[in-house]
> 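Below: one structure in structure tokens.
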2 protein chains.
Amino acid sequence: MAMREMQEMCEAQRGTIVREALERIGDKWTLLVVGMLETGPQRFTVLRQRVPGISQRMLTRTVRHLERDGLVSRTVYSEIPPRVEYELTDVGRELLPPILAMADWALANSDRVEESRRAYDESAAQLAAAKQ
Amino acid sequence: MAMREMQEMCEAQRGTIVREALERIGDKWTLLVVGMLETGPQRFTVLRQRVPGISQRMLTRTVRHLERDGLVSRTVYSEIPPRVEYELTDVGRELLPPILAMADWALANSDRVEESRRAYDESAAQLAAAKQ
DNA sequence: CAGTATCCTGGACGATACTG
DNA sequence: CAGTATCGTCCAGGATACTG
């Protein structure tokens, strides 16, 4: 087998691993929830308030998946009323810098993206009109 | 209005912007495609080979969305056979460091995540068995 | 408070066939 | 080569109601 082929295989392997990881955390809520756990342990309800628009069901699902993957720990305090706290594990916390960097990127570029999108749609509309 | 309420509103605003941005780029392929454009302009077919498992249709959709949002530029060379190259714009390139950091995280922690998941499923199975 | 349980819908995604 | 068109599936995610 040629060296180039081997390199391509390795590259594909890496790509697959990265893709699978991104599939885990690349849904609508996961990164946002992890980001909101930046400041320390959070209770379910507080977390729900901090993540704008998330439903109870989706928050439950998201933290369950994060717990399953070992990014978040779940601590139940046997009180009445019950109290549950979620906290990033070490693995989860290592993901924090890239997430925060992406959040910064989003805040810094949201208007530029918006504008690009508007311009794209407009020229697409003109093209469609020209066809008629 | 109290200061605390204002802060919470700002936080929710930021969260919404970030969420919308993550919705754009947080699908199955987008981050991966951006990452694969790290090394410079790429032709459609080459890109398809570098992104393991993507279908032609999804690659087309993904680069279209990236172009619309202004993260990727699309250049058509009027040759026969036709040649099209995709390249990151400045905005897109600014997203590269966080993406590559997340990719590194994925490569470094994939086995730990795998193990955590296995353990979680096993104890969940035991709990289910105990209920019977 | 912190969840389940259930139902439902839109759209993400894949497979296949066709084309300038 | 770099797409478009069409069809079909699946499930993420929302809404609502209920509970230890």
Side-chain angles (χ1 to χ4, degrees), chain A residues 15-16 19-34 36-37 41-69 72-87 120 124 127-128 130-131, chain B residues 15-16 19-20 22-33 36-37 41-69 72-87 120 124 127-128 130-131:
Chain A
T16 303
R19 179 172 58 79
E20 285 170 357
L22 289 180
E23 240 162 309
R24 282 195 272 273
I25 60 183
D27 65 350
K28 189 172 180 180
W29 301 112
T30 299
L31 288 181
L32 210 55
V33 169
V34 173
M36 290 308 182
L37 286 170
Q42 305 280 337
R43 299 185 59 161
F44 188 87
T45 307
V46 175
L47 205 49
R48 182 145 153 54
Q49 286 161 0
R50 296 191 64 182
V51 180
I54 195 170
S55 67
Q56 193 175 35
R57 171 182 146 84
M58 289 316 295
L59 180 55
T60 302
R61 284 180 56 128
T62 304
V63 291
R64 281 290 176 285
H65 289 147
L66 285 170
E67 187 194 1
R68 185 165 103 104
D69 289 348
V72 156
S73 68
R74 179 173 180 270
T75 311
V76 182
Y77 297 90
S78 301
E79 304 169 357
I80 292 176
R83 188 170 114 232
V84 180
E85 284 193 344
Y86 296 92
E87 187 175 10
Y120 184 98
L127 278 181
K131 270 195 177 173
Chain B
T16 302
R19 178 172 58 79
E20 283 170 359
L22 289 179
E23 241 161 305
R24 285 195 268 272
I25 60 183
D27 66 348
K28 189 172 181 180
W29 300 111
T30 299
L31 288 180
L32 211 54
V33 169
M36 290 309 182
L37 286 170
Q42 305 280 336
R43 300 184 58 159
F44 188 88
T45 307
V46 176
L47 206 49
R48 179 145 155 57
Q49 287 162 0
R50 297 192 63 180
V51 180
I54 196 170
S55 66
Q56 192 176 35
R57 170 181 147 85
M58 288 317 295
L59 181 54
T60 301
R61 286 180 55 125
T62 303
V63 291
R64 281 291 177 284
H65 289 148
L66 285 170
E67 187 194 2
R68 185 164 103 104
D69 290 349
V72 157
S73 67
R74 178 172 180 271
T75 310
V76 182
Y77 297 89
S78 300
E79 304 170 354
I80 293 177
R83 187 170 117 232
V84 179
E85 284 192 343
Y86 296 93
E87 186 174 11
Y120 183 99
L127 278 180
K131 269 196 178 174

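Sequence lines set the chain letters: A, B, ... in the order given, protein chains first and strands last, and positions in each chain run from 1. All values derive from a computational prediction rather than experimental measurement.
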> Which nucleotides of nucleotides 5-20 of chain D have their base under 4.0 Å from a protein heavy atom (B), which only their sugar-phosphate (S), and which neither (-), written as one string 5' to 3'?
-B-----SBBB----B
> Pull out every stem in DNA chain C, meaning runs of 3 or more consecutive Watson-Crick or G-U wobble pairs with both distances under 3.5 Å.
C:1-20 with D:1-20
> Using a cut-off of 4.0 Å on non-hydrogen atoms, how would the nucleic acid contact of R74(B) be classed: base, sugar-phosphate, or nothing?
sugar-phosphate
> Enumerate the side-chain hydrogen bond (donor to acceptor under 3.5 Å, both in side chains) contacts for residues 43-56 of chain A, please, sequence neighbours excluded, ordered by first and then second residue.
T39(A)-R50(A), R50(A)-E11(B)
> I'd like to know whether Y120(B) forms a side-chain contact (heavy atoms from CB on, under 4.5 Å) with D69(A), so could you lay out the CA-CA distance, the side-chain angles of the two residues, the decisive distance to 0.1 Å, and finally the verdict.
CA-CA 8 Å; Y120(B) 183 99; D69(A) 289 348; over 6 Å; no
> Is there a side-chain contact between L47(A) and M36(A), using heavy atoms and a 4.5 Å cut-off?
yes
> For dG3(D), does either OP1 or OP2 sit under 4.0 Å from a side-chain N or O belonging to R64(B)?
yes
> Using the side-chain hydrogen bond (donor to acceptor under 3.5 Å, both in side chains) rule, collect all pairs that involve residues 19-30 of chain A, keeping only residues at least two apart or in two chains.
R19(A)-E23(A), D27(A)-T30(A)
> Looking only at heavy atoms, what is the nearest atom pair of V63(A) and T60(A), with distance?
CG2-O, 3.2 Å
> List for me each residue that meets side-chain contact (heavy atoms from CB on, under 4.5 Å) alongside P82(B), sequence neighbours excluded, and say none if there are none.
none
> Looking at L31(B) and I25(B), what are the two nearest heavy atoms and their distance?
CG-O, 3.4 Å
> T45(B) side chain N/O closer than 4.0 Å to the phosphate oxygens (OP1, OP2) of dA2(D)?
yes
> May I ask you to evaluate whether Y86(B) reaches the phosphate of dC1(D), defined as a side-chain N or O under 4.0 Å from OP1 or OP2?
no
> What is the separation between atom CD on Q42(A) and atom P on dC1(C), rounded to the nearest whole Å?
16 Å
> Just how far, in rounded Å, is C1' of dC13(C) from CG of L59(B)?
14 Å
> Between C1' on dG3(D) and CD on E85(B), what's the gap in Å once rounded to a whole number?
16 Å
> Applying salt bridge (Lys or Arg N to Asp or Glu O under 4.0 Å), which residue pairs with at least one partner in residues 52-66 of chain B are found, sequence neighbours left out?
none
